Each structure stands twice: as C-alpha cells, then as structure tokens.
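Data first, discussion second: the structure below is written as structure tokens.
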2 protein chains.
Amino acid sequence: MATVDSTDPELACPISPVVDIVFSRWTTPILWSLHTFGRQRFVELQRGITHITPKVLTQRLRQLERDGLVTRTYHPEVPPRVEYEISDLGRSLAPLFAGLAEWATDNLGKVESARRVYDGAEPRAVTGRRA
Amino acid sequence: MATVDSTDPELACPISPVVDIVFSRWTTPILWSLHTFGRQRFVELQRGITHITPKVLTQRLRQLERDGLVTRTYHPEVPPRVEYEISDLGRSLAPLFAGLAEWATDNLGKVESARRVYDGAEPRAVTGRRA
DNA sequence: CTGTATCCATTAAGATACTG
DNA sequence: CAGTATCTTAATGGATACAG
C-alpha cells in the first residue's frame, strides 16, 4: 500500500514525493546552511537565513526533524540552548544539491534570457496564444 | 544586478532559484512525462498525469514554456493541434531528475519510518517540545 | 534564547462550466 | 481539441506581539 493513493501525481512521477519533502521556499536554505556551516542554534540559523521569521523557521525545522533530515538537541540550561544539525539522511542529499547548484550556475542565465524572449515576443494570432 | 534582491533566500542558498523554476507540485510530473514519453498533445498530457485539471496544466505549461524548459508548437488545423516537447534546456535536468529518483527509492522508506518515530514519540517535557 | 499565538496577504490548486 | 473564466479552498508565508 505505502503512501500512494490515486489522487497523487506520484504515480506518474517518481520524484514528486521528494519534492514534497525537500523543496519548498525555506527548506533548501535551511538544509544548505546546516550542511555548509554545520551545527547551529536557532538564532544563528535565523541570522544566517536572511528575513526568515521565527514562526516559519520553527515550522520548517519541525518538518525537517520529523522527516529525519535534521536533528534537534535541547540543552536544558538557562537560558535554553537548542542546536540543530543535519542528519546522515539529510547529508545524503548533498550530491544532489551540488548538482542543482551546478545546474544553476550553468543554466540560470538561459532561463532568464528565455523569459525575456517570451515576454518580448509580439503575440501573433496564429500561435493560439494571446489572441 | 541580475535577479537578486535582499529579500530572497537566494543569498544563502544557491539552489533556491532552481526550486522556484523546477520544483512545484505539477511541474515535475509534466517534465517527467515529456522527458519519458516524448512530444505530447495537451490532452495526452492531461490523461497521462492523473487528476490534473486543464487550468492548472495550462498554467504550468505556460510557465515552463516561458522559462525555456518546454517548447509549444501550434498547428493551425481544425480541430487545433498543439504539441509540447521538452527543450534542450529542460533535458539538461535529466541527470538531476535521475539522481532524485534514485534518492527516492533508496531513502523514502527512511523518511517514513522517521515520521513514525517522531509521531509516536512520547513527548517529554525536557525536550522543550510540546511541554 | 527559543520559541508560540494571532492575524493577514499571497498563491497554488481544485471544481465546474463554457468557448473558438 | 485546447484551452479560458469564475469561484472557492487549502497551504505558505509575513508581521507583530508575547511567553517560559
């Protein structure tokens, strides 16, 4: 049975589940920061990842912890100290992240120029777009 | 200058822009289908990707076309015929998709068991979570 | 320091019906 | 066939304030 029900696009695409787990606006910056700079406290993450609010940071960290990609260590001191670290499972994404980063440097410019062409193209009726 | 402004998480994470372009609920199934089964018409894509509505399919296809990952060919016939095909730029994502698919088969089970552990863990006060 | 609690804005997506 | 037009809902995220 597993997690597949017929309403999910997973059936047609084996990477959809990974997208749900790893790729959202703030999860990749968090994973990247933990992977690149190592174990960090809550406030360090907040400072390193520009403009993320504590609410959202907490939400994403909880999700990553639940999915086993990040570990959370609570030190019962005063004031409290909590450290987050990427897990082995999270680290297993590293080569994929490296590949994506490389794709970005190689191809982001092409995407941007494609957009300029598309946005600047005079809309002709025969194309069926923007009659 | 490019596209970077200080409100984006791109500064801290070089793969955030790729996430915006490639990874959303329906873009990966669309790219996967076009890459795996080749050039397809609108209705073929709709049938192959279960439960996607024409509105959403149109939206994602337009975005992918604008970003240069997919090409759209309009044949002015009656009834009209439109074919979508993955572009060279889109095809350049193939190895990354293969890597993600492999990660999925290897690690999705670990994620699921991590979730079971997390959800079933008795919440102790000392962890600082769920007092 | 490490979060919660509210409230609000934005957006992707789903349901449904309709057009050239 | 290949979409568009509306309307509604759900999910994220942002702003701000406050608590242990």
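Order of the sequence lines sets the chain letters (A, B, ...), proteins ahead of strands, with each chain counted from 1. Computed from a predicted model, the values in this text were never measured in an experiment.
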Set of residues satisfying side-chain hydrogen bond (donor to acceptor under 3.5 Å, both in side chains) with respect to Ser92(B), sequence neighbours excluded: Trp103(A)
Sequence neighbours excluded, which residues qualify as side-chain hydrogen bond (donor to acceptor under 3.5 Å, both in side chains) partners of Lys110(A)? Asn107(A)
Side-chain (Ser87(A)) to main-chain (Leu69(A)) donor-acceptor, under 3.5 angstrom: yes
Looking at Arg41(B), does any N or O in its side chain come under 4.0 Å of the phosphate oxygens OP1/OP2 on dA2(D)? yes
Of the listed dG3(C), dA2(D), dA13(C), the closest approach to the Arg60(B) side chain comes from dA13(C)
Can you check the Gln46(A) CD to dC1(C) C1' distance for me, whole Å? 10 Å
Who are the side-chain hydrogen bond (donor to acceptor under 3.5 Å, both in side chains) partners of Ser24(A), not counting sequence neighbours? Thr27(A)
Whole-Å distance, Leu45(B) CG to dC1(D) C1', equals 13 Å
His51(B) NE2 - dT16(C) C1' separation (whole Å): 16 Å
For Thr58(A) and Phe42(A), what are the C-alpha separation, side-chain angles and deciding distance, and is it a side chain to side chain contact (heavy atoms under 4.5 Å, CB included)? CA-CA 9 Å; Thr58(A) 301; Phe42(A) 186 89; 3.5 Å; yes
Student check: side-chain heavy atoms of Leu57(B) and Trp26(B) closer than 4.5 Å: no
Under the 3.5 Å rule, do the base of dG14(C) and the side chain of Lys55(B) count as making a donor-acceptor pair? yes
What is the distance, to the nearest angstrom, from the CD atom on Glu77(B) to the P atom on dA2(D)? 10 Å
Rounded to 10 degrees, the angle between the two terminal axes of the helix from dC1(C)-dG20(D) to dG20(C)-dC1(D), each from five pairs: 50°
If you check every side-chain atom of Thr53(B), which of dT4(D), dG3(C), dA15(C) has the closest atom? dA15(C)
Value in whole Å for how far the P atom of dG13(D) lies from CD of Gln63(A): 9 Å
The criterion is side-chain hydrogen bond (donor to acceptor under 3.5 Å, both in side chains); which residues satisfy it with Thr36(A), sequence neighbours excluded? Trp32(A)
Look at Tyr84(A) and dC1(C) and indicate whether a side-chain polar atom (N or O) is within less than 4.0 Å of OP1 or OP2. no
Most 5' of Pro54(A) and Glu44(B) on DNA chain D, judged by nearest nucleotide: Glu44(B)
Output the rounded distance in Å from CD (Gln59(A)) to P (dT4(C)). 10 Å
What nucleotide among dG3(D), dA13(C), dC1(D) has an atom nearest to a side-chain atom of Val56(B)? dA13(C)
Quick one: salt bridge (charged side-chain N to carboxylate O under 4.0 Å, His left out) partners of Glu83(B), sequence neighbours excluded? Arg39(B), Arg81(B)
Taking only N and O in the side chain of Trp26(A), is any of them less than 4.0 Å away from OP1 or OP2 of dA11(D)? no
Closest to the Thr58(A) side chain: dC1(D), dT4(C), dT4(D)? dT4(C)
Is the phosphate of dG3(C), meaning OP1 or OP2, less than 4.0 Å from a side-chain N or O of Arg72(A)? yes
Distance check needed: dC1(D) P versus Gln40(B) CD, whole Å only. 14 Å
Between dA9(C) atom P and Arg25(A) atom CZ, what is the distance in whole Å? 18 Å
